Amino acid sequence: MAPSDVITHDVIVVGAGLAGTWAAMSAMEAGVRDVGVLSKLHPLRSHSGAAQGGIAAALNNVRPVAGTGPRGPLEQIPPDAEPIDSWELHMFDTIKGSDWLGDQDAIEIMVKDAIDIVYAYEHMGCVFSRTPDGRIAQRRFGGHSTPRANYAADWTGHVLLHTIHEQALKHGVKFYSEWFALDLIVEDRVCKGVVAMNIQTGAIIPMRAKAVMFGTGGYGRAWKITSNATANTGDGVAIAYNAGIPLMDMEFVQFHPTGLYRHGILMSEACRGEGGYLLNKAGERFMERYAPDKMELAPRDLVSRSEQREIDEGRGVEEDGQGIYLDLRHLGRDKIMERLPQVRDIALKFVGVDIIDGLCPIQPTAHYSMGGIPANADGQVIADAEGTPVIGLYAAGECACISVHGANRLGTNSLLDASVFGRRAGYAIAEFVKGGAALQPVEGDPAAPAQRRIAHLMSDPPGGKGESWAALARALKETMTVNAGIFRDEARLKTALADIRALQERFERARVMDRSRRFNTDVLGAIETENLLIFSEVIAVSALERTESRGAHARTDYPKRDDENWLRHTLAHKTPDGPALSYKGVTIDWEKYPPQERKY
Amino acid sequence: MATNGSVPTVTIRIQRFNPDADKKPYLQAFQVKAPPGKTILDALHEIKEEQDGSLTFRRSCRHAICGSCAMNVNGRHMLVCDAPLREHVDRHGVLTLRPLAYLPIIKDLVVDRTSFWEQYQRVKPWLIPPENIPEKEFRMSAEEVAALRDAEHCIMCGACYSSCQVIALTKQYIGPHALLKAFLRVLDPRDSAPAERLADLDRGDGVYRCHTIFNCIDACPKGLNPTEAIETLRKLVIKRGAFEAARAERQRRLDQPIEVVGEAPALSGGE
């Protein structure tokens, strides 16, 4: 490895999706002069760009045609008509969607800022679809009681990501493309920088900054069937945990109801928002049994569980019975071509089905990480249940747990969360830096541990043959899918935990085949696998302890929500004996939004 | 194709090159099974994980939206994540993968896209909005949005760029990807600097450098048409004064509702 030359910035952001890019741009807009953004990909390859269906905000552009019911046609709201939507309604839907585990103060901020941030995107040039009179078009989405998903065809994330990246370039943000973060430099709850690898050269570089912000994305790659990009290996979450930061609510992982059969690729919830059906082997719209009111537009946790139940009870489709059909045929060619062009393409190319006249096989797919690095509504990372901040460290987007999604996220709230809290973190960082924050002295060579890890991966294995990280990753995905998936119980979670710990041990013997310095994706794959193994243990331990069912965490041995004991967030700290759990209260407005039974 | 039971085995020849170790690029052959549904990217993962960990390529999203995995497949540029393996092997069961053409090789299938991104930045890809920003959204008609649809959908994968015969000759040329981005901004009713943008394109390395060979259309994995966008820009370059005046006129009504003639198109929802 190359000698360590130190790079210094006022602010270093890790991750160039919506959260990271908003933070970088907003910090510069607010007067910080020197912001560097690291991404292990080119910024425009970030996974925010894969989001399809929309971004939620109560803009009041669209309403259901009077007298047509909850799945009837929509029309633009006439200028003088009563509004049908409000941030309060958006707030209630989000709280109910979260199964009351979301922190209501943070949710309030998000839904209020939603309106402004969607207009901000529009003013920055984002090409939204439109109503006839030229306003931003809106569609229905699961768990939202009004049509408030603001969309650009079915590539909303793509246009938002490109728009915000362009703005960051305009503001002079410096991007480090294909730099891979390895460690956080944190001492006594003060963050001093990060250590990263320049992938192209293989050099390990300490990077010092007055503030560090993580927008590193989610951790869906721990499952076999996932909608997530290969990049979503939870690196930021694992790095933070290794640096002594607790992880919050890691047991809550969302399975999206419509992953493409066998591939897991996202088939947007907009398919159902536009009126699509879910059918079992008998051709029944089985959601009638599980959510008679909302049907296919119930929230994702509920729909995925319903699908899994149909599959488990022998009513699945395809040769192995592990699929469900998504039926869009009745929407007609025009609507599909205009509103769902990307999902049509995906189904055509990957399973050879034209959704215009064919049934598309789908299955639940690991999709979104509700848990992550605990942070407050300014993106400031907190170190404990009392909310003690880690000075100079911020997080937003999917890697963070603020917590606005609680036990289950509503569709279109993730682009929103990443944007709103990315921007807020950027402003908070600007205040911190302009308020006199200084570069902190760093003891010793912070790059040394990463250098050692990589040298170890490149060394000769004891006894000749090392383990393959890829095989370990496959074994992990297998056990997480079987034992820590949609339905869980004590026995399965214990099996998962034992498997994960055995795999962690085997990882000690993992070695790479590629021993060159230049663009070594073998080393990257190994470190990403190590990261998967680190946070998966936290997921299993947190899920095992939580003896209730809430949102996306469904325990067949504890099928009921238990507010008396479990209306609280899990915090997991790293110790030599594995994750040590503690708990943190949920912020609830007991007068306005007290916990209720969650029915759709 | 050699068959093993019902699943054929195919040969993938991959151009390898590590500039630190190799004098020049060479082809290396790997054998993989080719069941239905397997993509070229799946095969690359399998080779890397089970046969040669040093094989180097870019990828991320797996469904043709991130733009990472564009490469040369049997002489054509495409994304390998949504390319079925079986459809691309010849009758001898062989498939050849090379990196995107006309760009420096970093390692194996990974190229240096620096010139590509420099041209993207050169056209100032960001919107230059009018001075008066409305409280709510700018109003845009369905037709105005439809005109931008191709350009907004571009994923910047570089397949067009590496297929362009002009790029093969000179990296001074802006290139189809950046011209498509320029088109997006010039045609957007919200952009206030179309004349300035068009003036920048009215140069030897701008719109006139395109020789309308149509390779970009053929290469685009999203089915977009950069050549047509370049043609439109050429026409607008000539009459940019009038275009700018029309834009200024349009921008006076950007906060006003679009008037719909005839029956309004249907919105979302409805079974």
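Small disclaimer: the values here were computed from a predicted structure and weren't measured. To find a chain, count down the sequence lines: A is the first, B the second, and so on, and within it residues start at 1.
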Below 4.5 Å from any heavy atom of chain A, which atoms of B/His45 appear? Answer side chain, backbone, both or neither.
-> side chain
Should B/Asp20 and A/Arg517 count as an ion pair when the cut-off is N to O under 4.0 Å?
-> no
Pick from B/Arg58, B/Glu144, B/Glu259: which one has the most heavy-atom pairs with chain A under 4.5 Å?
-> B/Arg58
Measuring heavy-atom distances to chain A, does B/Arg59 have an atom under 4.5 Å in its side chain, in its backbone, in both, or in neither?
-> both
Please state whether the side chain, the backbone, both or neither of A/Arg221 comes within less than 4.5 Å of a heavy atom of chain B.
-> side chain
Measure up the B/His153 and A/His158 rings against each other and bin them: parallel (under 30°), tilted (30 to 60°), perpendicular (over 60°).
-> perpendicular
Decide, yes or no, whether a salt bridge links A/Asp514 with B/Lys107 under the criterion of side-chain N to carboxylate O below 4.0 Å.
-> yes
Side chains of B/Met156 and A/Arg45: closer than 4.5 Å at any heavy-atom pair?
-> yes
Find out whether A/Asn61 and B/Glu137 are in side-chain contact, i.e. whether some heavy atom of one side chain is under 4.5 Å from a heavy atom of the other.
-> yes
Salt bridge present between A/Glu166 and B/Lys124 (N-O < 4.0 angstrom) | no
Do the side chains of A/Trp155 and B/Arg149 get nearer than 4.5 Å, heavy atoms only?
-> yes
Which class fits the ring pair B/Trp117 and A/His42: parallel under 30°, tilted 30 to 60°, perpendicular over 60°?
-> parallel
Between B/Tyr120 and A/Leu44, is any pair of side-chain heavy atoms under 4.5 Å apart?
-> yes
List the atom of B/Arg62, the atom of A/Thr226, and the distance in Å for their closest heavy-atom pair.
-> NH2-O, 2.6 Å
Ionic contact status for B/Lys136 with A/Glu122, cut-off 4.0 Å = no
Test item: B/Phe138 and A/His123 side chains (from C-beta on) under 4.5 Å apart, heavy atoms = yes
